[in-house]
Visitor: 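Mind having a look at this structure? Questions to follow.
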Amino acid sequence: MELHAITATSRHRTDCAIVGVYEKGLLSSAAVAFDRESGKQLSRLIKQGDVSGKLGDTLLLTEAKGSAARIVLVGLGSKDKFGRKQYRKALQAALSTVKKTGSVHATSFLSEETIAATNAYYVGRTTAEVAAQITYRIPDLKSSKKPTPPPLKKLSIAVLGTTERSQAEKGLQHGIGITGGMSLTRDLGNLPPNICTPTHLANTAKELAKAHRSALKVRVMDQAEIRKLKMGSFLSVTAGSDQPPRLIVLEYHGSRSNTPPIALVGKGITFDTGGISIKPAAAMDEMKYDMCGAATVLGVFKAAASLKLPINLVGVIPTCENMPSGSATKPGDIVKSMSGQTIEVLNTDAEGRLILCDALTYVRRYSPKAVIDIATLTGACVIALGNQYSGLFSNDDDLSSALVNAGKRAGDGAWPMPVDEEYADQLKSNFADMANVGGREAGAITAACFLAKFVQGMKWAHLDIAGTAWLSGANKGGTGRPVPLLMDYLINHK
Ligand code: BES
Ligand code: MN
Ligand code: ZN
């Protein structure tokens with residue numbers, strides 16, 4: 001969808017105007033103008049009780065008299081509470097209604113309202129995210145004919161002044177780049193695990209590098225090369241699978257070559273059965289999403305390259321399946337990680353940390369400014385935070401608060417959790433340097449403590465996205481999170 005910011009209020013010709021009404025029939029400023037244009041039609045509808053002003057309620061007026069062929073009236077809720085979330089919800093509801101009409105060009109006036117705790121730039125970015133959400137199609141494999149896409153091609157958002165217009169324009173452009181990355185992240189997550197294999201992720205990385213030839217480089221390593229790197233922990237996870245594993249290394253150069261990079265490490269388990277510690281059957285299909293950390297790294301690289309961010313990035317993706325078989329790793333097996341530390345695998349379902357630890361050791365060669373790993377790591381994190389916040393674990397307070405703030409601004413939150421030394425006691429083993437599990441209590445934290453043993457001397461953060469990367473139930477599908485958080489961090493990185 002084409003996105004623009006404009007300063008015009010009335011007389012701007014459009015197929016559909018989106019205007020807001022607050023609770024108690026309080027008209028927004030644009031609604032007042034349209035009310036006048038239409039000979040008090042809006043006021044009459046409110047008096048009749050057709051418009052409640054409840055957040056997200058919509059009413060479509062066709063054959064509107066004036067500059068817009070149609071008007072979508074959308075409820076904005078209480079005027080004092082109108083903020084970023086409310087803006088998102090109202091615009092989303094309005095565009096869902098617009099989408100069902102024949103409108104090719106819609107103009108939203110919601111962006112002229114006072115939106116608490118944000119600015120024109122973020123209004124632009126949020127708008128682009130909502131537009132992308134409305135147009136996103138799951139790459140489904142249904143054999144029926146695809147429904148014809150809605151005619152809506154262009155969305156203009158009205159803002160008050162020319163300064164706001166250029167800020168909103170910038171937000172829209174950044175939003176377009178970010179949502180381009182999010183769509184890739186979502187697509188990869190949504191694909192079935194027989195298609196989205198480690199090889200498929202590697203091919204996707206190669207395609208990305210081809211599309212951004214000058215700035216992006218990729219190297220894909222196979223099992224023999226992974227063995228040469230002595231990644232015994234990573235290899236223990238792929239041992240039961242017939243799909244060959246891959247180690248994908250991406251480099252993005254947007255800054256001088258001597259600027260140390262930020263490293264992103266993504267968990268790429270393309271299917272997690274649990275291995276010999278096999279998972280129960282219920283909802284096991286959702287373990288196709290266990291590569292969403294990897295998909296996030298690919299989405300961020302796509303977005304960063306398309307926006308030409310002036311930074312350097314390294315992305316490392318260890319990817320394989322976790323399967324049971326005669327050759328699979330068994331509970332009690334001891335493996336040696338690339339760092340030299342030995343691990344007693346007490347539960348083969350705690351496999352994410354086993355592939356990540358070797359990838360974290362690998363990024364040391366880049367002397368990164370910061371390392372951020374992204375992983376659908378623990379069910380315990382979902383129990384702790386649900387699907388609102390990603391879990392955030394870090395050994396560096398500045399990095400942690402930079403990520404918290406980026407999440408707040410981007411509307412893609414992460415909540416800080418402790419990684420204190422005391423919790424690491426739960427990982428003690430009689431037979432190896434550590435066990436790969438630390439019992440039921442504080443499961444998300446002990447998983448982070450395990451990773452912390454491999455990043456000493458580096459500034460590190462870990463995002464546990466087990467609750468945020470996808471939705472279950474009727475709306476089952478990838479969310480594209482935490483691409484907005486990470487992009488916000490990278491855009492504001494100094
Ligand atoms: N991929 C799962 C984590 C997961 C589970 C994410 C459910 C989203 C929903 C991970 O590999 C896993 O199985 N973790 C185990 C760890 C346990 C064995 C210590 C878990 O969370 O149960
Ligand atoms: Mn698992
Ligand atoms: Zn897993």
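Counting starts at 1 for both ligands and their atoms, following the listed order. We count residues from 1, following the sequence as given.
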Visitor: Give a yes/no on ligand 1: does W470 have at least one heavy atom closer than 4.0 angstrom to it?
Guide: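 Yes.
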Visitor: Roughly how far, to the nearest 0.5 Å, is CE of M487 from CG of D412?
Guide: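 Here the rounded value is 12.0 Å.
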Visitor: Start with the C-alpha gap between K302 and E207, add the side-chain angles, then the distance that decides, and say whether salt bridge (charged side-chain N to carboxylate O under 4.0 Å, His left out) holds.
Guide: CA-CA 10 Å; K302 179 174 180 176; E207 275 167 34; over 6 Å; no
Visitor: Walk me through it: do N322 and T273 pass the test side chain to side chain donor-acceptor pair (under 3.5 Å)?
Guide: CA-CA 6 Å; N322 185 23; T273 65; 5.1 Å; no
Visitor: Between V382, T378, L377, flag the one that comes closest to atom 10 (C) of ligand 1 by a heavy atom.
Guide: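 Answer by nearest heavy atom: L377.
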Visitor: Would you say D425 has more than 12 foreign heavy atoms packed within less than 6.0 Å of its CG?
Guide: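 Yes.
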Visitor: For M434 versus F454, what's the shortest heavy-atom pair and its separation?
Guide: CE-CZ, 3.7 Å
Visitor: Spell out the protein N/O/S atoms under 2.8 Å from the Zn ion (ligand 3) as residue plus atom name.
Guide: K267 NZ, D272 OD2, D290 OD2, E351 OE2
Visitor: Within 45° of the six-membered ring axis of Y121 and under 6.0 Å from that ring's centre, is NZ or CZ of R125 located there?
Guide: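 Output no; distance or angle outside limits.
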Visitor: For atom 18 (C) of ligand 1, what's the nearest protein heavy atom and its distance?
Guide: N347 ND2, 3.4 Å
Visitor: Going by the order shown, which atoms of ligand 1 are within less than 4.0 Å of some heavy atom of K267?
Guide: 1 (N), 10 (C), 11 (O)
Visitor: Would E286 count as a contact of ligand 1 if the rule is a heavy atom under 4.0 Å away?
Guide: no
Visitor: Take the Mn ion (ligand 2) and tell me which protein N, O or S atoms are nearer than 2.8 Å.
Guide: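 Listed by chain and number, the atoms are D272 OD2, D349 O, D349 OD1, E351 OE1.
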Visitor: Specify whether the nearest protein heavy atom to atom 1 (N) of ligand 1 is under 4.0 angstrom away.
Guide: yes
Visitor: Of all the heavy-atom pairs spanning S367 and P260, show the shortest one and how long it is.
Guide: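 Result for this residue pair: O-CB, 3.7 Å.
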Visitor: Determine, considering heavy atoms only, which of E351, R353, M291, M287 sits nearest to atom 5 (C) of ligand 1.
Guide: M287
Visitor: Show the atoms of ligand 1 that are less than 4.0 angstrom away from any heavy atom in T376.
Guide: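 Checking each atom against T376, I get 1 (N), 2 (C), 3 (C).
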Visitor: Among protein heavy atoms, which sits nearest to atom 15 (C) of ligand 1, and what does the distance come to when rounded to 0.1 Å?
Guide: D349 O, 3.9 Å
Visitor: Is there a donor in the side chain of W460 and an acceptor in the side chain of D373, or the other way round, less than 3.5 Å apart?
Guide: yes
Visitor: Can you list the steps and then say if S390 with T468 is a side chain to side chain donor-acceptor pair (under 3.5 Å)?
Guide: CA-CA 6 Å; S390 300; T468 52; 2.8 Å; yes
Visitor: Tell me, which protein residue and heavy-atom name are nearest atom 6 (C) of ligand 1, and how many Å apart are they?
Guide: A466 CB, 3.5 Å
Visitor: Are Q243 and T270 close enough that a side-chain donor and a side-chain acceptor fall under 3.5 Å?
Guide: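 The answer is no; no qualifying pair exists.
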Visitor: Check this for me: K230, atom NZ, are more than 12 non-hydrogen atoms of other residues, nucleotides or ligands nearer than 6.0 Å?
Guide: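 Not more than 12 within 6.0 Å, no.
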Visitor: Run the contact test for R440 against ligand 1 with a 4.0 Å cut-off on heavy atoms, strictly below, and give the result.
Guide: no
Visitor: Of all the non-hydrogen atoms in the protein, which one sits nearest to atom 19 (C) of ligand 1, and at what distance?
Guide: V437 CG1, 3.5 Å
Visitor: Working to the nearest 0.5 Å, report the span between CG of D222 and CZ of R227.
Guide: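 Answer rounded to 0.5 Å: 9.5 Å.
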Visitor: Should we count CG of D140 as having more than 12 external heavy atoms under 6.0 Å?
Guide: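 Enclosed.
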Visitor: Return yes if a side-chain donor-acceptor contact under 3.5 Å exists between S394 and S400, otherwise no.
Guide: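 Note: S394 and S400 side chains miss the donor-acceptor criterion.
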Visitor: Within a strict 4.5 Å, meaning less than it, do heavy atoms of the Y362 and V249 side chains meet?
Guide: yes
Visitor: W470 vs Y289 aromatic rings, parallel, tilted or perpendicular, using cut-offs 30° and 60°?
Guide: parallel
Visitor: Only heavy atoms count here, so choose which of G379, G352, G293, A447 is nearest to atom 4 (C) of ligand 1.
Guide: G379
